[in-house]
4 protein chains.
Amino acid sequence: MSSRDLLLAAAHEEFASRGYEGARVDAIAKKAGVNKQLVYHHFGNKEDLYGKVLESAYDGIRERERRLDLARLRPQTAMRRLIETSFDYLAENRDFVALLTDENLHKGKHMKRIVDIQRMNTPLLGTLDGILRRGAAEGVFRKGLDPLQVYVSIAGMGFFYFNNIYTLSAIFGQNLDSQEAIASRRRHVVDMLMHALRP
Amino acid sequence: MSSRDLLLAAAHEEFASRGYEGARVDAIAKKAGVNKQLVYHHFGNKEDLYGKVLESAYDGIRERERRLDLARLRPQTAMRRLIETSFDYLAENRDFVALLTDENLHKGKHMKRIVDIQRMNTPLLGTLDGILRRGAAEGVFRKGLDPLQVYVSIAGMGFFYFNNIYTLSAIFGQNLDSQEAIASRRRHVVDMLMHALRP
Amino acid sequence: MSSRDLLLAAAHEEFASRGYEGARVDAIAKKAGVNKQLVYHHFGNKEDLYGKVLESAYDGIRERERRLDLARLRPQTAMRRLIETSFDYLAENRDFVALLTDENLHKGKHMKRIVDIQRMNTPLLGTLDGILRRGAAEGVFRKGLDPLQVYVSIAGMGFFYFNNIYTLSAIFGQNLDSQEAIASRRRHVVDMLMHALRP
Amino acid sequence: MSSRDLLLAAAHEEFASRGYEGARVDAIAKKAGVNKQLVYHHFGNKEDLYGKVLESAYDGIRERERRLDLARLRPQTAMRRLIETSFDYLAENRDFVALLTDENLHKGKHMKRIVDIQRMNTPLLGTLDGILRRGAAEGVFRKGLDPLQVYVSIAGMGFFYFNNIYTLSAIFGQNLDSQEAIASRRRHVVDMLMHALRP
DNA sequence: AATGAATGAGTTTTCATTCAT
DNA sequence: TATGAATGAAAACTCATTCAT
């Protein structure tokens, strides 16, 4: 890997685990195994590096969504798979969850600076709209559901769980980060959402 | 207000809007209108102050939940009110959302240090359990629903929206922080969840 | 004990164990069990308190020396007792050793400010002079020994040992602070000095 | 000189003249003519810098002792030279005296942290042992003298004088820091110790 | 493309001292 | 004589960034 890519990966990790303010340029360089000055050489400064990390994180999710290919499935099957893979993506990409959250703490200021903001737009909304329409036509889903709201609900059911896993575990006195607990949450999420969409 | 309380309020605001690392002790003192050294006099250090802010934030939500008094209402009415007030609390207490998120970024390390962790345990779980049971008995709710999962779902539907309001607005190209957008989200959340609970 | 005396005793301990700069006014007040402001009430400020501590420490040693009453003893007996009691005083008053040393680190600036500096003058010099003269007349001690130099030698043989007990222990790889080690040093000091004074 | 060495030299001076607590990192950097942050870059923190200063101070005395080469001299000549050079070293290295004393005020805590504590062990003890044995065999020294005790006595006779030169001067009402006073002390020390070792 | 040394501006924290009562 | 709250000045330490090579 080029030193640029090494830095990007290291920065991704550091920003995700410590937040923008908590992240250390020194730590990023060390993690990447390269000289600190290269950060400035390749990315200008800490903030711009953060922007690049955000971009690449969104690239990742977009790429995944593009590969999903739900259009050819029956509405209920497609929906179930969408819910499941959304949940799984969050489960496996806690970094992404943390990054998103931190960016929101900063009121999205870095995103705004990203020129090609359209790159970030999820293509999923269109897919979801299609599934909902087909499902409504077939009579398996309710009519008039707003795909944006459904998308937010699907994401939120998993996001909140993973984003707040430490405080929830503390409050409820159980470890929500175990495999069983996550599997259990997954079943509940799928179940709840599929029920909610029924006519 | 005592200078201690002034500091606590100012710290709440500062930590919520900038996160733990981003928050400045200087800024907190200035906001509170007191001498910076009082922070150390009253709270020991920045981290312990953060802990106290967290505690008081949880006190706030517990207090609200205690006043809710849903036990005497019909199951569906109680559930609807619970969903609505949960959503509204998040809408009105963005600080709390930010604080929670930041604490999770730090893997809940400050919460763990809070001695009386039980104080934070939500009393809502018991109430929710009662509502679900009565609803199931009356045949208006599904049977066998785990109150913890339902609680997480209720909270998550609103939390994700407010926590990620900046990135979601950017991605979808619309301002989700408007009164109408929030009202619209509120309706969807209530609707989705009530549907999901039907037998 | 009056709060003033409590403070003086606490200050003695604190200054001896941490040095002037390392000592904390807060710690002194706490140790004395009184309000910190009383330090300022009774002593003006930290430096003047330090001066009072020094004075009282010297008072202690002068008092002890006054009680010694060596004039009536045979020269060799008197000398032996002087050496032994000097060594023992240092052994039992490490605080005094530390205080002296710290004052010298500050180039004796506090002593200079003590008005009644004469109070500190050791009366021992006269006594020692008498013993040396009588011993020389009797032929048991060498002639022409300077009592000041002898005094410094007597003190130095014990002082260096106790003052540097930690570094010496580390360098020599043995614990010089044990009862046996101290007893052994005591024998050596008496032996060496008595030998050195022989004609 | 590298900025690291400049800092070390400046720190040596500052710590010796003000003690650990009294020393200022700012002052050290200024004295060294470099940026304050280099202290942290090169040494981590104030305490570790202090440790390095101690180490280098001991290196200095060990180096000097190594060069002494007393083994080939007659016992009495060797002993006299050892006493004289020990005294002279203290006379010329007041910094070392102060550093030692301050380290003892802290109960040797920094020395304990120095990994290679053996580096500090004085090689003089072996030399001294040889001289004492040869002298005893030749009948010019007493038998059975413990080299460690003799070493401590030699060092103590000079150390106490220089370490306490301010308080002694004040108490005795004379300036012990004059060339004549020091020369006079030197003669006395040599004289006393040589006498003390006679059979 | 890469590096080690250096730095300015800030950040938390400490501490002797004073104020109001 | 006594106290709790408050403060100004300075201390150690941090960190993103730049310089010289």
Side-chain angles (χ1 to χ4, degrees), chain A residues 2-4 6-7 18 20-29 32-50, chain B residues 2-4 6-7 18 20-29 32-50, chain C residues 2-4 6-7 18 20-29 32-50, chain D residues 2-4 6-7 18 20-29 32-50:
Chain A
S2 72
S3 64
R4 192 179 184 285
L6 285 167
L7 278 169
R18 300 196 193 281
Y20 178 74
E21 322 279 352
R24 299 288 165 251
V25 175
D26 264 314
I28 292 169
V34 307
N35 187 277
K36 180 170 49 159
Q37 172 60 13
L38 281 188
V39 171
Y40 298 92
H41 187 272
H42 287 303
F43 301 97
N45 58 32
K46 185 183 179 181
E47 198 164 2
D48 287 352
L49 170 56
Y50 186 72
Chain B
S2 72
S3 63
R4 192 180 183 286
L6 286 167
L7 278 169
R18 300 196 192 281
Y20 178 72
E21 324 277 352
R24 297 289 166 250
V25 174
D26 264 318
I28 291 169
V34 307
N35 186 279
K36 175 173 52 157
Q37 282 55 247
L38 280 187
V39 170
Y40 298 94
H41 186 261
H42 286 304
F43 301 98
N45 57 36
K46 184 182 179 182
E47 196 164 2
D48 287 353
L49 170 56
Y50 186 72
Chain C
S2 71
S3 66
R4 191 180 185 284
L6 285 167
L7 278 169
R18 301 196 192 279
Y20 178 73
E21 321 279 351
R24 298 289 165 252
V25 174
D26 265 315
I28 292 169
V34 307
N35 186 277
K36 181 170 50 159
Q37 171 61 12
L38 281 187
V39 171
Y40 297 93
H41 187 270
H42 286 304
F43 301 98
N45 58 33
K46 185 185 181 182
E47 197 164 3
D48 288 351
L49 171 57
Y50 186 72
Chain D
S2 72
S3 65
R4 193 180 183 283
L6 286 168
L7 278 169
R18 300 196 193 280
Y20 178 73
E21 323 278 350
R24 298 289 165 249
V25 174
D26 264 317
I28 291 170
V34 308
N35 187 279
K36 175 173 53 156
Q37 282 56 247
L38 279 188
V39 170
Y40 298 95
H41 186 263
H42 286 304
F43 301 98
N45 59 34
K46 184 183 178 181
E47 197 164 2
D48 287 353
L49 171 56
Y50 186 74

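These numbers come from a predicted model, not from an experiment. Residue numbering restarts at 1 for every chain, and letters A, B, ... go by the order of the sequence lines.
DNA chain F contains the following stems of three or more consecutive Watson-Crick or G-U pairs, with both distances under 3.5 Å: E:2-21 with F:2-21.
For A:Tyr40 and F:dT17, the shortest distance from a side-chain N or O to OP1 or OP2 is below 4.0 Å. OP1 or OP2 of F:dA6 has at least one side-chain nitrogen or oxygen of B:His42 nearer than 4.0 Å. Look at A:Ser3 and you won't find any side-chain N or O under 4.0 angstrom from OP1 or OP2 of E:dA1. Of the side-chain N and O atoms in A:Arg24, one or more sit less than 4.0 angstrom from OP1 or OP2 of F:dA16. For E:dA16, neither phosphate oxygen OP1 nor OP2 lies less than 4.0 angstrom from any side-chain nitrogen or oxygen of C:Asn45.
Straight-line distance from the CZ atom of D:Phe43 to the P atom of F:dC13: 14 Å, rounded to whole Å. Atom CG in B:Leu49 sits about 10 Å away from atom P in E:dT13, given to the nearest Å. The distance between atom CG of B:Asp26 and atom P of F:dA9, rounded to the nearest whole Å, is 15 Å. One interatomic measurement links the two molecules: NE2 of A:His41 to C1' of F:dA20, which rounds to 15 Å at whole-angstrom precision.
At a threshold of 4.0 angstrom between heavy atoms, the contacts of A:Ala29 with the nucleic acid are absent. Among the atoms of the strands shown, none is found under 4.0 Å from any heavy atom of C:Ala27.
Ranked by how close their nearest DNA chain F nucleotide is to the 5' end, B:Arg4 and D:Tyr20 are led by B:Arg4. Each of D:Gln37 and B:Gln37 lies near DNA chain F, and the nucleotide nearest B:Gln37 is the one positioned closer to the 5' end.
Side-chain atoms of B:Lys36 come within donor-acceptor range of the base of E:dT13, with a qualifying N/O pair under 3.5 Å.
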Please determine whether side chain to side chain contact (heavy atoms under 4.5 Å, CB included) holds for the pair B:Leu49 and B:Val25, giving the CA-CA distance in whole Å, both sets of side-chain angles, and the decisive distance to 0.1 Å. CA-CA 10 Å; B:Leu49 170 56; B:Val25 174; over 6 Å; no
